[in-house]
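A, B, ... follow the sequence lines: proteins, then strands. Residue 1 opens every chain.
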2 protein chains.
Amino acid sequence: MRILIVEDEPTLGKQLKTTLEQSGYAVDLSVDGEDGHFLGSTEDYDAVILDLGLPEIDGLSVLGMWRREGRTFPVLVLTARDSWSDKVAGLDAGADDYLAKPFQTEELIARLRALIRRASGNTSSELTAGDVRLDTRSGRVTLAGEPVKLTAQEYKLLSYLMHHKGKVVSRTELIEHIYDQDFDRDSNTIEVFVTRIRKKLGAEIITTIRGLGYSLDDPADAPRA
Amino acid sequence: MRILIVEDEPTLGKQLKTTLEQSGYAVDLSVDGEDGHFLGSTEDYDAVILDLGLPEIDGLSVLGMWRREGRTFPVLVLTARDSWSDKVAGLDAGADDYLAKPFQTEELIARLRALIRRASGNTSSELTAGDVRLDTRSGRVTLAGEPVKLTAQEYKLLSYLMHHKGKVVSRTELIEHIYDQDFDRDSNTIEVFVTRIRKKLGAEIITTIRGLGYSLDDPADAPRA
DNA sequence: ATCCTCGACGATCAAAATGCGCATGAAAGG
DNA sequence: CCTTTCATGCGCATTTTGATCGTCGAGGAT
């Protein structure tokens with residue numbers, strides 16, 4: 001999952017970035033409204049964290065612009081503690097959730113997780129497919145009850161596929177969602193990780209559709225030949 | 001489905017081409033207005049993506065020429081971010097939708113899908129015929145609820161027929177819409193794929209009309225005595 | 001009319017060609 | 001050191017070709 005943070009205070013921004021990266025997200029960080037707006041318009045994000053108190057262009061305008069351009073990613077707005085009006089205005093402009101500063105990092109992560117889950121149409125924070133179970137809260141994966149150790153990238157890839165269970169996902173789409181900004185698109189890393197995940201969780205879990213991409217299916221929907 | 005991209009910036013053009021190909025489209029790419037105009041006038045496309053900021057002949061003229069020639073394919077216009085006049089002029093000249101650069105790839109794909117769907121007179125992104133169901137968003141096909149695994153070409157062929165349910169489609173038309181520019185039109189691949197699809201989905205699904213082509217009918221509409 | 005014959009077109013199969021995706025190991029990065 | 005990335009050759013699913021068989025329909029002969 002790939003996140004954009006638009007936050008003008010560099011310390012907080014960087015701290016958030018590392019925290020989220022440790023939680024398994026690919027994170028882009030922007031320190032001003034203009035750049036932030038550009039990134040949000042250009043790249044594919046699964047969620048955006050937006051500070052309203054930005055210099056130059058303020059957060060609200062950025063949000064408004066995105067929505068007018070038809071961007072649909074969920075936006076979590078950060079406001080000052082007692083700014084009632086900001087909250088209202090934010091929701092009006094199309095924010096999906098908001099959080100008052102200062103806040104607990106854990107709270108932020110929890111809300112973010114919920115936003116992404118809802119945006120992908122899932123209702124529970126536990127995603128399952130066959131006897132693979134992925135808990136987005138703890139970041140743990142189990143196979144038939146047994147915990148499985150996945151590396152960071154393996155987890156990101158699996159998580160994205162799990163969030164889009166049943167959909168055919170192209171290799172470019174995967175790259176765009178599990179890596180941040182600067183990444184060379186010409187490589188076979190995706191294939192490598194798919195292989196590794198299959199080794200750990202069983203080959204059946206991920207289906208290859210030649211020329212199109214991959215698809216993760218729940219065996220509950222009996223696949224036939 | 002076959003798409004024409006007219007985009008002068010080679011990097012963006014190629015990237016779009018591969019992305020769309022991974023989404024199951026046959027794609028022709030043209031880097032200048034003149035060539036683009038020629039292709040659009042000569043070949044049969046299900047949709048065209050047209051950048052307005054072209055060198056030599058500009059996009060608007062190309063669009064105008066096509067419309068005057070009676071070309072009806074849906075055109076998705078790419079404009080610079082804040083070029084209000086371009087947007088208006090574009091819609092005047094006969095564009096069906098427009099997208100401001102820069103944009104998110106997924107957004108483009110979604111709009112393209114919508115354009116093609118509308119152009120073929122369908123209202124939902126799920127196409128059905130008998131107990132065959134094709135979901136254009138996820139790219140999956142089910143038979144009586146059971147997921148069916150189709151290869152890339154099988155999917156393209158079926159998708160085209162589904163979009164033109166009830167219409168008699170000639171073999172040449174099929175070839176023109178599921179392959180791109182350079183393809184040897186003298187072969188029996190279409191027949192081969194029709195056979196394969198029939199094997200997977202049941203022979204009744206595709207009717208042969210001798211000397212004319214094929215037709216996919218919904219049994220709901222009384223087939224004909 | 002009915003049946004038969006013939007030609008054209010479509011269906012099917014098997015085998016060849018293509019190129020994608022997989023594995024593996026080495027290199028790089030943190 | 002562990003994880004991630006890059007590079008290379010191979011195997012195989014997919015696609016394509018070509019050949020053969022089946023089928024439909026028109027038209028002629030009976």
Side-chain angles (χ1 to χ4, degrees), chain A residues 17-18 21-22 24-27 139 141 148-159 161 168-175 178-216 223 225, chain B residues 17-19 21-24 26 139 141 148-158 161 168-175 178-180 182-216:
Chain A
K17 182 167 149 82
T18 38
E21 277 169 350
Q22 283 169 4
Y25 295 104
V27 182
V141 175
V148 178
K149 209 184 155 196
L150 294 184
T151 68
Q153 302 289 45
E154 287 163 6
Y155 178 82
K156 285 184 203 169
L157 179 33
L158 180 67
S159 166
L161 285 176
V168 178
V169 181
S170 76
R171 215 160 299 125
T172 15
E173 185 176 343
L174 280 172
I175 289 181
I178 69 179
Y179 288 101
D180 57 27
Q181 252 175 309
D182 17 46
F183 182 78
D184 175 22
R185 277 114 189 278
D186 263 10
S187 79
N188 65 346
T189 34
I190 298 297
E191 281 141 321
V192 173
F193 287 116
V194 168
T195 305
R196 298 238 177 92
I197 293 176
R198 279 179 175 153
K199 269 196 186 135
K200 291 185 179 176
L201 299 177
E204 336 71 61
I205 189 77
I206 299 174
T207 317
T208 309
I209 292 103
R210 235 159 215 263
L212 295 182
Y214 298 98
S215 139
L216 185 145
Chain B
K17 184 167 148 83
T18 40
T19 309
E21 276 170 350
Q22 285 182 356
S23 304
V141 175
V148 178
K149 216 182 146 192
L150 293 185
T151 67
Q153 304 289 18
E154 286 164 5
Y155 178 82
K156 285 184 201 168
L157 178 33
L158 180 67
L161 286 176
V168 178
V169 181
S170 75
R171 212 162 302 115
T172 25
E173 184 177 344
L174 280 172
I175 288 183
I178 69 179
Y179 289 100
D180 58 27
D182 18 46
F183 182 76
D184 176 22
R185 276 111 195 274
D186 265 7
S187 79
N188 66 344
T189 37
I190 299 296
E191 279 125 314
V192 173
F193 285 117
V194 168
T195 304
R196 297 233 177 97
I197 293 177
R198 280 179 174 153
K199 263 194 190 140
K200 290 186 179 177
L201 299 177
E204 336 71 62
I205 189 77
I206 299 175
T207 319
T208 306
I209 290 99
R210 219 151 223 271
L212 295 180
Y214 300 99
S215 142
L216 186 146

Would you say B:Thr151 places a side-chain N or O within less than 4.0 Å of OP1 or OP2 belonging to D:dA13?
no

Does A:Thr189 place a side-chain N or O at less than 4.0 Å from the phosphate oxygens OP1/OP2 of D:dC6?
no

Find the distance B:Ile209:CD1 to D:dG25:P and express it as a whole number of Å.
12 Å

Please check the phosphate of D:dT15 (OP1 and OP2 only) for any side-chain N or O of B:Tyr179 closer than 4.0 Å.
no

Looking only at side-chain N and O atoms, does A:Ser187 come under 4.0 Å of OP1 or OP2 in D:dC6?
yes

Between B:Arg196 and C:dT12, is there a contact of a side-chain N or O with OP1 or OP2 at under 4.0 Å?
no

Nearest-0.5 Å distance that lies between atom NZ in B:Lys156 and atom OH in B:Tyr179
7.5 Å

Phosphate OP1/OP2 of C:dA8 contacted by B:Arg210 side-chain N/O (<4.0 Å)
no

Distance check needed: C:dT24 P versus A:Asn188 CG, whole Å only.
14 Å

Classify A:Glu191 by what it touches in the nucleic acid, base, sugar-phosphate, or nothing, heavy-atom distance under 4.0 Å.
base

Looking at B:Thr195, I'd like to know whether one of its side-chain N or O atoms comes within less than 4.0 Å of OP1 or OP2 on C:dC13.
no

Is any side-chain N or O of B:Tyr214 closer than 4.0 Å to OP1 or OP2 of C:dC9?
no

Integer-rounded Å distance: D:dA13 P and A:Leu212 CG
17 Å

Might you point out which heavy atoms bring B:Phe193 and B:Leu157 nearest each other, and give the distance in Å?
CB-CD2, 3.5 Å

Quick one: is A:Arg171 getting a side-chain N or O under 4.0 Å of the C:dG21 phosphate, OP1 or OP2?
yes

Between atom CD1 of A:Ile178 and atom CD1 of A:Ile190, what is the distance when rounded to the nearest 0.5 Å?
4.0 Å

Check the distance between D:dC2's C1' and A:Leu150's CG and give it to me in whole angstrom.
15 Å

Taking NZ from B:Lys200 and P from D:dA13, how many angstroms apart are they, rounded to a whole number?
13 Å

Which part of the nucleic acid, if any, lies within contact of A:Lys199, taking any heavy atom under 4.0 Å across all strands shown: a base, the sugar-phosphate backbone alone, or nothing?
sugar-phosphate

Kindly indicate whether the side chain of A:Ile209, heavy atoms from C-beta on, has any atom under 4.5 Å from the side chain of B:Tyr155.
no

How would you label the contact of A:Val194 with the nucleic acid (heavy atoms, under 4.0 Å): base, sugar-phosphate, or nothing?
nothing

Distance, rounded to the nearest Å, where A:Tyr155 contributes OH and D:dT4 contributes P:
14 Å

In Å, rounded to the nearest 0.5 Å, how long is the span from CG of B:Leu161 to CD1 of B:Ile205?
9.0 Å

Shortest non-hydrogen contact between A:Arg171 and B:Gln22, atoms and distance:
N-OE1, 3.6 Å

What is the distance, rounded to the nearest whole Å, between atom NZ of A:Lys156 and atom C1' of D:dT5?
14 Å

B:Leu157 CG to D:dT15 P: how many Å, rounded?
11 Å

Look at the side chain of A:Thr208 and decide which nucleotide, out of C:dC22, D:dT16, D:dT4, has an atom nearest to it.
C:dC22

